[in-house]
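The first residue in the sequence is number 1, and the count goes up from there.
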Amino acid sequence: MEIKLPQNLGLDLVRVTEVAAVVAGRWIGLGNRDKADKAATEAMYEILNRLDIDGRIVVGEEGKLARHSVLDSAERVGTGKGPAVDIVVDAIDGRNMLAKGQEGAISVVGVAPRNSMWSPAPAVYMDKIVVDSMVAPALVEECLHAPAAWTLALVARAKKKEIRHLEVFVLDRPRHQDLVEEIRTAGARVLLAPEGDINGALLAASSKSNIDIMMGVGGVPEGVVSACAVKAMGGAMLGYLAPQSKDEKSAVEAAGLLEDHRILTCDSLISSNEIFFVATGITDGRLLSGIRYTGKKASTNSLVLRCSTGTQRIIQANHLIE
């Protein structure tokens, strides 16, 4: 029998991302992503430890900085008095964008019952596709290996629009040069983002965004975090591990993760439906507004998702700050 998480847990979790976002916002445009991430991570850790949960970090902050953090994978958080849960965090998704004052930086956290989240280590990269609830029933595994034009035609049919009206989120990386060319040749438009893997998945899964699909190779840890949101929004994700170096491929093969080139879905990444996901905007974006500071107050804009009920809340909050 699946463990039921407290129905108000999402409202507790939004305090976690709000505080991290407010702290991170002080570093917008200052050019120091590492100090911003350290400050936001420590703020997030402090609030998580106030929650009545027995939390275990499954996807944490290691790998982002050349040091360990208080929110590395396998760390324990919470008072220990509540339900046993798996937690995925990213204090700042889009650290470089925050440092440069660019749009799309967010703070996120996802929670599900213990042992329901797939632990991705040592895998680093995966090829993935994310779509919203309108396209989800039509998405098939062949999309991952088919030409981009074929997949875009499928999305266009599901959305009852022409391919030339589709907008595709792709990370701006040299590895995506051929993919971008394929998409443009098919007639669709490309939104090239400098980073923000999780934000891209949110945009593709949201019915309130102009992004119709996310495509390309991104982070595996970010894929697990994204799966929380995509599943809660009724969208769909397909992925497979795509090592980008010989060392990563060897480590993944040694761990047995490349067996049969398994196709990953939201259900294989997060096996439970008892999922909460929260995101708070740090800089302005297509889905969430960024932090606003006025005198001794800060305003935040957050998205709170509960998978089991399909509830989606947008929360605008004002905070007194020192």
Pairs where residues 192-206 contributes a residue and the test side-chain hydrogen bond (donor to acceptor under 3.5 Å, both in side chains) is met, not counting sequence neighbours: Asn96-Glu195, Lys128-Asp197
Is there a donor-acceptor contact under 3.5 Å from the side chain of Asp72 to the main chain of Ser69? yes
Under 3.5 Å donor-acceptor pairs involving side-chain atoms of residues 113-123, not counting sequence neighbours:
{"unit_1": "Arg114", "atom_1": "NE", "unit_2": "Val85", "atom_2": "O", "d": "3.3"}
{"unit_1": "Arg114", "atom_1": "NH2", "unit_2": "Asp54", "atom_2": "O", "d": "2.6"}
{"unit_1": "Arg114", "atom_1": "NH2", "unit_2": "Val85", "atom_2": "O", "d": "3.4"}
{"unit_1": "Asn115", "atom_1": "OD1", "unit_2": "Arg56", "atom_2": "NH2", "d": "3.3"}
{"unit_1": "Ser116", "atom_1": "OG", "unit_2": "Pro113", "atom_2": "O", "d": "2.5"}

So which atom in Trp27 and which in Ala39 form the shortest heavy-atom distance, rounded to 0.1 Å? NE1-CB, 4.0 Å
Does atom CD of Glu141 have more than 12 heavy-atom neighbours, drawn from other residues, nucleotides or ligands, at distances under 6.0 Å? no
Side-chain heavy atoms of Leu192 within contact of Val180, under 4.5 Å: yes
Of all heavy-atom pairs linking Thr41 and Leu71, the shortest is O-CD1, 3.6 Å
For the side chain of Ser73 and the backbone of Gly60, is there at least one donor-acceptor N/O pair under 3.5 Å apart? yes
Looking at CD1 of Ile53 and CZ of Arg76, how far apart are the two atoms once the value is rounded to the nearest 0.5 Å? 10.5 Å
Under a 4.5 Å cut-off applied to non-hydrogen side-chain atoms, are Asp86 and Val111 in contact? no
Once salt bridge (Lys or Arg N to Asp or Glu O under 4.0 Å) is applied, what residue pairs with a partner in residues 305-317 remain, sequence neighbours excluded? none
May I ask you to test the Leu264-Tyr240 pair for a side-chain heavy-atom distance under 4.5 Å? no
Could I get the full list of salt bridge (charged side-chain N to carboxylate O under 4.0 Å, His left out) partners for Arg164, not counting sequence neighbours? Glu162
Tell me every residue that passes salt bridge (charged side-chain N to carboxylate O under 4.0 Å, His left out) with Glu46, counting only those two or more places apart in sequence or in another chain. Arg50
What pairs with Arg286 under salt bridge (charged side-chain N to carboxylate O under 4.0 Å, His left out), at least two apart in sequence or on another chain? Glu167
Would you mind listing the cluster partners of Val217? Hydrophobic ones only (ILVMFWY), side-chain contacts under 4.5 Å, chaining allowed. Val124, Tyr125
In terms of side-chain geometry, is the basic nitrogen of Asp132 or Lys208 positioned less than 4.0 Å from the acidic oxygen of its partner? no
Can you give me every donor-acceptor pair (side chain of residues 314-321, partner residue at least two apart or in another chain, under 3.5 Å) with its distance?
{"unit_1": "Gln316", "atom_1": "OE1", "unit_2": "Asn301", "atom_2": "ND2", "d": "3.4"}
{"unit_1": "Gln316", "atom_1": "NE2", "unit_2": "Thr300", "atom_2": "O", "d": "3.4"}
{"unit_1": "His319", "atom_1": "NE2", "unit_2": "Thr300", "atom_2": "OG1", "d": "2.8"}

For the residue pair Arg189 and Leu166, establish whether any side-chain heavy-atom pair is separated by less than 4.5 Å. no
Do Ile129 and Leu139 have side-chain heavy atoms sitting under 4.5 Å apart? yes
Do Ile211 and Leu202 have side chains that approach each other closer than 4.5 Å (heavy atoms only, starting at C-beta)? no
What pairs of residues pass the salt bridge (Lys or Arg N to Asp or Glu O under 4.0 Å) test when at least one of them lies in residues 169-186, not counting sequence neighbours? none
Is Glu274 reaching over with its side chain to a backbone N or O of Leu5, donor-acceptor style, under 3.5 angstrom? yes
Report yes or no: do Thr280 and Ser302 form a side-chain donor-acceptor pair below 3.5 Å? yes
Can you list the other members of the hydrophobic cluster that holds Met134, where links are side-chain heavy atoms under 4.5 angstrom apart? none
Residue pairs passing the salt bridge (Lys or Arg N to Asp or Glu O under 4.0 Å) test where at least one lies in residues 210-221, sequence neighbours excluded: Lys159-Asp212, Lys161-Asp212
Qualifying salt bridge (Lys or Arg N to Asp or Glu O under 4.0 Å) pairs with a residue from residues 12-29, counting only residues at least two apart or across chains: none
Close side-chain approach of Ile213 and Val130, heavy atoms under 4.5 Å: no
